[in-house]
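Below: the structure, in structure tokens.
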Amino acid sequence: MKRPIDCGYISILAIVAAIAVWLLSMPVCDFVQRSTINRFHLQTDSFALWAIQQPIPSMYNFHNRYEVRPSLRPGPSPDDTDAQRGTLNHFPLRLFTFGDNREIFLRKPVARTIDLTTTYRDTILHTHWTATPRDDGGFDLTGEVVP
């Protein structure tokens with residue numbers, strides 16, 4: 001008696017294989033590096049590319065640095081004593097979306113700028129975000145890639 005082909009099992013194996021290929025190609029493929037870093041900065045060019053990357057585990061091998069300042073003045077300022085600086089494992093914008101700092105930012109709803117820099121080998125992405133408080137207690141985020 002012939003066994004039926006389990007399409008669900010084959011699909012799961014194909015997804016796992018595709019994720020493994022993506023992760024193994026990251027050290028050598030500039031497209032994979034850029035796509036993954038753009039995902040973390042919410043700078044992906046298309047929704048489809050962003051959605052395809054969702055099953056891929058978040059990598060801890062990027063160096064994510066952030067600086068948050070309570071002003072609309074762009075660019076880092078060494079004399080800014082109100083700035084919060086640090087590093088994060090992944091998804092740096094969680095500072096304003098899901099992170100522990102969200103409660104702090106919502107308690108004092110003032111406009112803030114967020115400078116994010118992510119590096120992986122020779123690939124660097126720097127984005128500048130502005131978080132403007134809304135009347136409902138949230139923030140509107142607008143971002144731009146800094147050349």
Side-chain angles (χ1 to χ4, degrees), residues 7-134 136-147:
C7 293
Y9 177 71
I10 300 295
S11 298
I12 291 172
L13 283 181
I15 291 170
V16 169
I19 291 171
V21 167
W22 183 273
L23 293 175
L24 291 171
S25 65
M26 190 174 305
V28 294
C29 181
D30 186 56
F31 172 77
V32 173
Q33 292 172 14
R34 288 243 169 246
S35 297
T36 306
I37 289 175
N38 285 340
R39 171 184 167 206
F40 296 138
H41 282 243
L42 301 180
Q43 297 295 322
T44 305
D45 291 334
S46 72
F47 176 77
L49 183 58
W50 176 86
I52 283 173
Q53 292 186 67
Q54 294 317 297
I56 299 170
S58 301
M59 300 303 293
Y60 292 94
N61 53 354
F62 296 137
H63 186 201
N64 297 309
R65 293 180 307 273
Y66 71 90
E67 181 174 308
V68 179
R69 292 178 307 283
S71 68
L72 293 174
R73 188 177 65 252
S77 174
D79 61 338
D80 208 345
T81 57
D82 292 333
Q84 293 177 329
R85 296 173 184 88
T87 59
L88 297 166
N89 286 334
H90 55 269
F91 294 111
L93 280 175
R94 284 188 177 180
L95 289 167
F96 277 87
T97 56
F98 303 114
D100 297 337
N101 290 332
R102 183 171 168 78
E103 178 189 344
I104 296 167
F105 295 142
L106 290 176
R107 202 175 319 137
K108 295 168 94 178
V110 297
R112 289 181 167 78
T113 58
I114 307 146
D115 282 305
L116 304 173
T117 304
T118 298
T119 56
Y120 178 76
R121 296 182 176 233
D122 294 333
T123 304
I124 299 171
L125 179 62
H126 182 161
T127 57
H128 176 80
W129 289 84
T130 302
T132 308
R134 292 190 317 234
D136 65 0
F139 285 91
D140 285 329
L141 285 171
T142 55
E144 63 180 330
V145 174
V146 178

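Just so it is clear, the model here is predicted, and its values are computed rather than measured.
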- Message: Return the OG1 to CZ distance between Thr132 and Arg112, rounded to the nearest 0.5 Å.
- Response: 11.5 Å
- Query: In Å and rounded to the nearest 0.5 Å, what is the OG1 to NE2 distance from Thr117 to His63?
  - Reply: 9.5 Å
- Contacts of type ring pair (Phe, Tyr, Trp, His ring centres under 6.0 Å), residue Phe31, not counting sequence neighbours: none
- Item | The single option from Leu23, Val28, Asp30 passing side chain to side chain contact (heavy atoms under 4.5 Å, CB included) against Met26 | Leu23
- Message: Restricting to non-hydrogen atoms, name the atom on His41 and the atom on Trp129 that form the minimum distance, rounded to 0.1 Å.
- Response: O-CZ2, 3.1 Å
- Task: Kindly determine whether Tyr120 and Thr36 satisfy side-chain contact (heavy atoms from CB on, under 4.5 Å), including the steps that lead there.
- Result: CA-CA 10 Å; Tyr120 178 76; Thr36 306; over 6 Å; no
- Inter-residue atom distance Thr130.OG1 - Arg69.CZ, 0.5 Å rounding: 9.5 Å
- Message: Please enumerate all residues that pass side chain to side chain contact (heavy atoms under 4.5 Å, CB included) together with Ser46, with sequence neighbours excluded.
- Response: Ala48, Leu49
- Residue list, side-chain hydrogen bond (donor to acceptor under 3.5 Å, both in side chains) with Arg121, at least two apart or on another chain: none
- Correct closest heavy-atom pair for Ile124 and Arg34 would be O-NH1, 3.5 Å
- Rounded to the nearest 0.5 Å, how far apart are CG of Asp115 and OG1 of Thr127? 8.0 Å
- Nearest non-hydrogen partners of Trp22 and Gln53, listed with the distance: CZ2-OE1, 3.8 Å
- Message: On a heavy-atom basis, which atom in Ser25 and which in Val32 lie closest, and how many Å separate them?
- Response: OG-CG2, 3.5 Å
- Message: For the residue pair Thr44 / Asn38, report whether a side-chain donor-acceptor contact shorter than 3.5 Å exists.
- Response: no
- Item | Verdict with supporting geometry, Leu116 and Asn64, side-chain contact (heavy atoms from CB on, under 4.5 Å) | CA-CA 7 Å; Leu116 304 173; Asn64 297 309; over 6 Å; no
